[in-house]
Structures are given as structure tokens and as C-alpha cells.
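Here is the structure we will look at.
Predicted model only: the values in this text are computed from it and were never measured.
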Amino acid sequence: MAVENIKKYVFGNPLNTGAVVMEVAQSSGNPEGLSADQAAKELKTELSKEAFVYGLGETIRGINKRGWLYRSNNADEPHHEEGKNSLYASHNFFIVDDGNSCIGYFIDHPGFVEFDIGYTDKDLFTVRFNDFDFDLYVISGKEPKEIVKNFRELVGKSYMPPVWAFGYGQSRWGYKTADDIRTVRDRYKELGIPLDMIYMDIDYMQDFKVFTINPERFPDFPDFVKEMKAEGIRLVPNVDPGVKIEDGYDIYEEGKEKGYYCKKVDGQDLVAAVWPGKVHFPDFLNSDVRKWFGDNYKVFLDAGLEGFWNDMNEPAIFYSEDHLAEVFEHVKELEKKELDIWGFFEFKDVLGSIDNNPEDYRRFYHDLDGRKVRHDKVHNLYSVNMTRSASEAFKRLAPDKKILLFSRASYTGMHRYGGVWTGDNMARWSHLLLNIQMMPALSMNGFLFAGADIGGFGGNTTEDLMMRWVEFGIFTPLFRNHSAIGTRDQELYRFNRKDDFKNLVELRYALIPYITSVFMNAAEKNDMYMKPLWFDYRGDDRCREVEDQLLVGDSIMIAPVHEQNATGRYVYLPEEMKLVRFRSYDDYDTEVLSKGDHYIKAELNEVLVFIRPGRELPLATPARHVEDLDMNNLKVIKF
Ligand code: MIG
């Protein structure tokens with residue numbers, strides 16, 4: 001690649017985040033389009049009236065990010081509302097595009113960064129830092145797609161999962177025993193709904209201890225893994241970073257003895273609490289610790305497991321021992337006073353400050369292979385290095401195998417080690433739309449293997465929301481139905497219209513040859529898996545404002561229905577296309593539609609796919625498992 005397309009500017013004394021894999025010589029002078037103010041710790045650029053901003057990966061709000069304040073500060077944030085500023089991930093790459101010219105920026109900084117994109121002043125884009133130490137990459141290209149490609153060269157190739165990971169996965173927090181999991185398997189099998197994975201949430205562990213399996217709930221675990229695999233189902237457990245403090249627990253003791261946990265300023269190991277109760281956090285930013293933690297996956301690999309999801313790695317902190325002591329002190333003081341209304345608010349604030357407290361993230365330190373760094377300064381790298389630890393271990397321990405791996409939190413660079421799921425969304429129509437809008441930004445940032453909790457994690461889903469969400473989910477690389485304990489059951493067999501769900505999941509399996517070829521191409525050529533319309537139809541201004549239709553690869557456009565009770569929707573066609581209205585892989589009607597606006601019917605069980613001129617959509621005959629698909633015997637719908 002022509003390195004002339006990328007310029008690097010260094011501000012202050014940046015840490016190496018590991019995001020960038022290419023050597024770029026340092027430029028001097030002012031970065032194009034930006035002014036830097038060291039004293040104010042700001043970068044600024046003007047936004048013309050026409051300017052759109054694309055990128056920032058996993059964030060709230062729409063495809064065009066203009067008009068809001070986003071913060072890179074990985075957060076355990078289950079409320080994915082418009083008013084929030086941070087979610088689980090920090091992906092500091094974006095493109096400013098006024099329709100004629102465009103430019104990309106990647107701000108490589110592991111700590112807090114604030115992106116004020118026309119929030120304070122609609123014509124100004126200000127980037128603010130706590131520490132003005134970062135590498136700024138200015139990436140040029142004649143169109144956004146080219147900028148994306150150049151950026152992706154800079155940060156390296158995306159993670160490639162095993163092909164079975166493109167199948168359908170059923171998950172739920174609350175499958176407690178092997179029999180619970182067998183029931184899920186059997187119900188899907190009875191109905192003939194394809195299924196490749198069942199996810200195991202924290203309930204499988206012994207007292208929530210990482211790398212353990214509860215022997216009562218899962219006796220003869222390796223046999224169980226075999227039994228499931230013989231039925232074509234892979235088990236995929238959840239892995240949390242915190243190590244339970246418990247004498248006699250080998251992992252805890254080994255980490256303690258070797259000094260592998262994050263330490264406070266006085267050198268004591270930080271005590272935090274998460275699911276296991278009190279834990280220490282492994283210092284993943286240290287290479288010895290990464291190797292040690294990673295080697296522990298061996299028990300799971302030996303048991304025959306081939307996939308994992310790394311959770312809670314912002315890291316989420318329910319409380320720290322130190323802060324909790326402060327809270328109790330404060331509460332005791334308040335108890336002595338008679339609480340007036342302000343005292344009452346103070347009391348509520350104190351109690352509300354317990355989990356994920358910002359002060360706690362300043363309480364511990366990392367040993368970056370010899371350099372001591374306070375956690376908040378490198379906060380967004382914790383998940384990257386947890387996932388890297390697993391990924392590197394798999395290369396050592398199972399070099400011939402592809403392992404499924406995705407994480408909740410992330411920062412740029414982690415896309416080389418694994419994928420992401422977008423965390424604890426809710427069973428809301430607006431979160432289906434959010435899923436649609438996030439996907440292209442994740443693609444831009446190299447997180448190709450991505451998806452949301454289909455049906456919604458929190459709250460009670462409804463049959464129609466689940467169906468519409470599955471209709472979009474069949475196009476996302478990670479296709480997983482997941483929900484929280486205590487919410488309405490949402491395995492597809494819980495609903496009335498079982499045949500419709502079966503048809504939709506079968507359609508996904510029919511699409512797998514197309515989906516995997518788009519995915520592999522995107523991974524190899526540093527392209528996007530899903531794109532906003534504008535990226536392929538630059539010049540058609542109408543496409544700029546289309547926020548709920550996406551291009552999947554180069555052959556098709558999708559227009560998911562994301563509103564309740566809708567039996568159709570408006571679709572904008574940037575050129576003549578062939579509509580395929582699928583009810584199942586072999587039951588569909590087609591119609592050629594002209595460029596322009598159309599109201600298109602889509603009953604609850606119907607999926608709208610549009611084939612672009614001169615392109616074709618291959619379809620396999622569905623099978624119950626990805627590995628049984630006949631990828632060589634495809635039917636093709638052409639336009
Ligand atoms: O504090 O493991 O995002 O997918 O089901 C909640 C239980 C911990 C959060 C994850 C979610 C998972 C849940 N975990």
C-alpha cells in the first residue's frame with residue numbers, strides 16, 4: 001500500500017497500544033484539516049454544512065455521528081440509550097466527508113477521548129483528551145471505502161472465525177445443567193430448526209471461578225462436549241477475567257505467587273468484586289500474564305471446546321473493597337445526621353456510586369513489561385489484551401484449529417484476535433435499529449465478526465420483535481439469540497410461529513455461501529462486510545440520509561423492517577434492483593424495481609433483499625448444521 005495515504009503525527013509521549021501494525025514515518029507540522037491546542041488538550045476541525053461523520057465503531061446513535069458527544073471509555077453499560085456517551089468499546093477511527101472530499105482520522109490513544117461532533121457547536125468537531133499523548137493518523141483516499149481500506153492496512157487483518165461459527169447459536173444466561181442444554185438441543189432438533197452452537201453462560205462454573213466447571217451440574221464434562229458435538233452442536237462457554245480470591249484454588253494461588261494481578265499504588269493486589277465475589281484482576285497488559293492466563297484455556301481445549309466469549313472485560317467492577325469501605329463510612333456519617341432532602345440525595349448518590357466507579361479505575365496499576373501505568377490511562381486496552389492472551393494461546397495450544405472467539409469490550413487492534421458482540425442491549429425496537437446502524441461502523445473499524453444479542457438481552461421480548469430481529473440477524477456474521485436470566489424465555493421454540501422461525505433460520509443457512517464469501521473477501525482485502533448505501537453510491541445525495549438500509553457485500557442491499565406492527569416499509573433504491581421477498585429459501589417472489597422511493601410490503605415473516613444489476617445471490621440448500629451444507633451445489637438468483 002502507498003504509505004503516502006497515511007500520515008502520522010505524534011503528540012506528547014504516547015504509549016504503544018498495539019493497534020497499528022505498519023511502520024509510518026512521523027510527519028511534522030500541522031495535520032491536515034485539524035488544529036491542535038496542547039494547552040486545552042484539544043484537536044479541532046470545522047464541519048461544513050454538508051459534512052457527515054462516519055465511524056467510531058460500537059457507539060450509540062445513527063450511521064452519521066454528527067450532533068452528539070461520544071466518549072471512548074469502555075463501559076459496562078446496559079442502557080444503550082440515545083443519551084449515553086460510551087458503550088463497551090472504543091474505536092477511534094472516523095471519516096469526515098462533505099460529499100466531495102473526505103478524510104479519515106485514527107486517534108491511537110488507550111485512555112479517555114471525547115468526540116464532540118457538532119454537539120457544543122454544530123459546525124465544530126472537537127476531540128478532547130485527559131492526556132495529550134497520542135499518535136494521530138491522517139488517512140486520505142478519494143472515497144470513504146478507500147480510506148477504510150488504508151486504515152485497515154494500518155491496523156492489520158481482521159480475525160477469521162471457523163466456518164461453523166456462521167451458524168445459528170442459542171444462548172441464555174440461566175442454562176444451569178447439562179440437561180438444560182440437552183433440552184435446548186432436543187427442542188431445536190424436534191422442530192428441525194438449524195443450530196450449530198449452544199452458549200454456556202456463567203452458570204456452568206464452580207462458584208463463578210474462571211476455568212472451572214461445576215462437576216454436579218456438568219458431570220463428565222468432556223463426554224458431554226463429545227455427545228453434543230456428535231449431534232453437531234458446539235458448546236461455547238463464557239470466560240470472565242476476575243480470578244476469585246480463594247485459598248486452594250490453583251489459578252488464584254499461582255497468579256498470586258507470581259505477582260500477576262493488578263496492583264494498587266502501595267503494591268497490594270487490588271481487591272474488586274464481580275460474580276465470584278472478591279477477585280483480583282490479571283494484569284493482561286503484561287506479556288507473562290497473558291501467556292499464563294492463556295495457557296489456562298488448555299483445560300477447555302482438552303475437553304474438546306472450540307469457542308469462547310470473553311465477558312466483563314471493560315473490566316466491570318461491582319465494587320472495590322476500598323471504595324466500599326468509603327461508602328460505609330459515608331453512610332454512617334449520614335445516618336448520624338438527620339437527612340434533609342439534600343442529605344437524602346447525597347445518600348442516594350453515595351449508594352449509586354458503588355459499581356464501575358471512575359475512582360476505582362484510578363486505583364490500580366499495570367506492569368507494561370517493566371513500565372508502571374495507572375489503569376485509567378490504558379483502560380481501553382484491558383479487553384484487547386485479555387482477548388489477545390486467548391488468541392495467542394490458541395496458536396500455541398491448538399495451532400491447527402480455528403477457534404471461535406469474541407469479546408464484549410474492545411479497542412482497535414483487538415479485531416485481529418477476535419470478534420465482538422455488542423453487549424447487554426434490550427428487547428426494544430430501537431435496539432434493533434441500533435444494531436442495524438452499528439454494523440457498518442464496526443465493519444469500518446475491522447470488527448467484521450460482530451453481532452448483537454438477537455431478540456434483546458434485557459427486558460421481555462415479543463414474538464414479532466424476535467422475528468424482525470432474526471430477519472436482520474440472518475445477515476450478521478455473529479447470529480446469536482441471547483437473553484438475561486429472569487426475562488421471558490426466547491428460544492425460537494417458545495413462540496407460536498415456529499415454522500416461520502424455522503424458515504428464517506434455514507434462509508440464513510442458505511445464505512451462508514454468500515455471507516462467508518463476503519466475509520472472507522472483506523477480511524482479506526480490508527473491505528467492509530456491511531456498508532452504508534453512501535459508500536457505494538457516492539454522488540447520490542439521497543443515500544447520505546438512508547440510516548436503515550445496508551449493503552451486504554457488493555451484490556445485495558437489505559432493508560430490514562424495524563418497527564412494530566409494520567407490514568411493509570419505505571425503501572430507497574439508488575438504482576434499479578431486483579427485489580427478492582423471501583418467506584423461506586425456496587418460497588419467494590421477485591420483482592424488478594426502478595431507482596427511487598418505494599413502499600414495499602413485508603409481512604411479519606418476509607425478508608426484503610435487493611439484488612444489484614449484474615449481480616447474483618447464491619443459495620445453498622439448508623442443512624441442520626453448517627458443516628452439512630453442500631457449498632458446491634448452489635441455486636442462483638440473478639439480476
Ligand atoms: O453481569 O454472564 O453481557 O451477556 O449473560 C452480567 C452473565 C454478566 C454480562 C454479559 C451477558 C451475560 C451476563 N454477563
Side-chain angles (χ1 to χ4, degrees), residues 158-173 175 178 181 184-185 188 194-205 210-213 218 221-222 224-241 293-313 383 386-408 410 414-423 447-454 473 476-482 508 512 515-516 519 523 625-627:
S158 297
Y159 162 77
M160 188 85 84
V163 74
W164 51 263
F166 288 88
Y168 174 61
Q170 179 63 59
S171 185
R172 181 166 170 92
W173 176 9
Y175 297 153
I181 288 174
V184 175
R185 172 197 68 193
Y188 274 97
L195 185 68
D196 268 278
M197 287 149 279
I198 300 179
Y199 288 82
M200 299 168 74
D201 209 322
I202 46 174
D203 321 271
Y204 76 84
M205 298 180 209
V210 63
F211 301 118
T212 67
I213 289 153
F218 292 90
F221 186 66
F224 179 54
V225 176
K226 260 191 225 115
E227 171 197 326
M228 295 300 286
K229 193 151 173 212
E231 300 254 4
I233 308 269
R234 262 124 175 150
L235 295 172
V236 182
N238 161 302
V239 177
D240 286 352
F293 192 87
D295 281 343
N296 280 299
Y297 283 85
K298 186 166 190 307
V299 221
F300 285 164
L301 296 172
D302 288 348
L305 295 173
E306 298 165 72
F308 305 92
W309 47 306
N310 286 346
D311 190 9
M312 306 297 275
N313 52 10
S383 53
M386 179 189 182
T387 302
R388 176 175 174 192
S389 146
S391 164
E392 290 176 347
F394 301 156
K395 294 214 172 72
R396 288 193 303 276
L397 303 171
D400 305 324
K401 258 201 180 154
K402 275 211 164 112
I403 306 284
L404 169 62
L405 180 62
F406 57 92
S407 168
R408 188 168 77 173
S410 60
M414 203 201 79
H415 69 289
R416 302 194 299 271
Y417 306 114
V420 288
W421 97 98
T422 59
F447 290 91
L448 301 180
F449 194 75
D453 288 350
I454 289 166
T476 62
L478 170 64
F479 179 37
R480 184 178 79 138
N481 174 349
H482 180 52
R508 158 68 170 218
I512 281 179
I515 287 171
T516 51
F519 187 96
H625 307 289
V626 174
E627 282 167 345

(request) Would you please name every residue forming a side-chain contact (heavy atoms from CB on, under 4.5 Å) with Glu227, sequence neighbours left out? (result)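 side-chain contact (heavy atoms from CB on, under 4.5 Å) list for Glu227, sorted by chain: Arg182, Arg185, Phe224.
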Tell me every residue that passes salt bridge (charged side-chain N to carboxylate O under 4.0 Å, His left out) with [X], counting only those two or more places apart in sequence or in another chain.
X: Arg416; answer: none
X: Arg508; answer: none
X: Lys395; answer: none

Within the distance-only criterion (no hydrogens, no angle test), does the side chain of [X] pair as donor or acceptor with the backbone N or O of [Y] below 3.5 angstrom?
X: Trp309; Y: Val236; value: yes
X: His482; Y: Gly169; value: no
X: Tyr188; Y: Gln170; value: no
X: Thr387; Y: Ser383; value: yes

Donor-acceptor contacts, no H, no angles, side chain residues 294-302, under 3.5 Å, sequence neighbours left out:
unit_1: Asp295; atom_1: OD1; unit_2: Arg396; atom_2: NE; d: 3.4
unit_1: Asp295; atom_1: OD1; unit_2: Arg396; atom_2: NH2; d: 2.8
unit_1: Asp295; atom_1: OD2; unit_2: Lys291; atom_2: NZ; d: 3.1
unit_1: Asn296; atom_1: ND2; unit_2: Trp292; atom_2: O; d: 3.1
unit_1: Tyr297; atom_1: OH; unit_2: Asn310; atom_2: OD1; d: 3.1
unit_1: Lys298; atom_1: NZ; unit_2: Asp302; atom_2: OD2; d: 2.9

For a quick test of reading the model, state the closest non-hydrogen atom pair linking [X] to [Y] and the distance between them.
X: Asn313; Y: Pro241; value: CA-CG, 4.1 Å
X: Thr476; Y: Leu478; value: OG1-O, 2.8 Å
X: Phe406; Y: Val420; value: CB-N, 3.7 Å
X: Tyr159; Y: Pro161; value: OH-CA, 3.4 Å
X: Ala165; Y: Leu404; value: CB-CD1, 3.7 Å
X: Ile454; Y: Asn481; value: O-OD1, 3.5 Å

Residues 197-205, side-chain donor-acceptor partners within the protein, below 3.5 Å, at least two apart:
unit_1: Asp203; atom_1: OD2; unit_2: Gly174; atom_2: N; d: 3.0
unit_1: Tyr204; atom_1: OH; unit_2: Asn238; atom_2: O; d: 2.7

Heavy atoms, side chains only, cut-off 4.5 Å: are [X] and [Y] in contact?
X: Trp421; Y: Asp311; result: yes
X: Ser158; Y: Phe449; result: no
X: His415; Y: Ser410; result: no
X: Phe166; Y: Asp196; result: no
X: Ile233; Y: His625; result: yes
X: Lys402; Y: Trp164; result: no
X: Pro477; Y: Leu448; result: no
X: Phe447; Y: Met414; result: yes

(message) For the CD1 atom of Ile213 and the CZ atom of Phe218, what is their distance to the nearest 0.5 Å?
(response)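 Reported value, rounded in 0.5 Å steps: 8.5 Å.
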(request) Tell me, with the steps shown, if Phe293 and Phe211 meet ring pair (Phe, Tyr, Trp, His ring centres under 6.0 Å). (result) CA-CA 10 Å; Phe293 192 87; Phe211 301 118; 5.0 Å; yes
(request) Quick one: do Ser407 and Met386 satisfy side chain to side chain contact (heavy atoms under 4.5 Å, CB included)? Show the steps, please. (result) CA-CA 9 Å; Ser407 168; Met386 179 189 182; over 6 Å; no
(request) Just do the side chain to side chain contact (heavy atoms under 4.5 Å, CB included) check on Phe221 and Leu305 with the steps written out, would you? (result) CA-CA 10 Å; Phe221 186 66; Leu305 295 173; 3.8 Å; yes
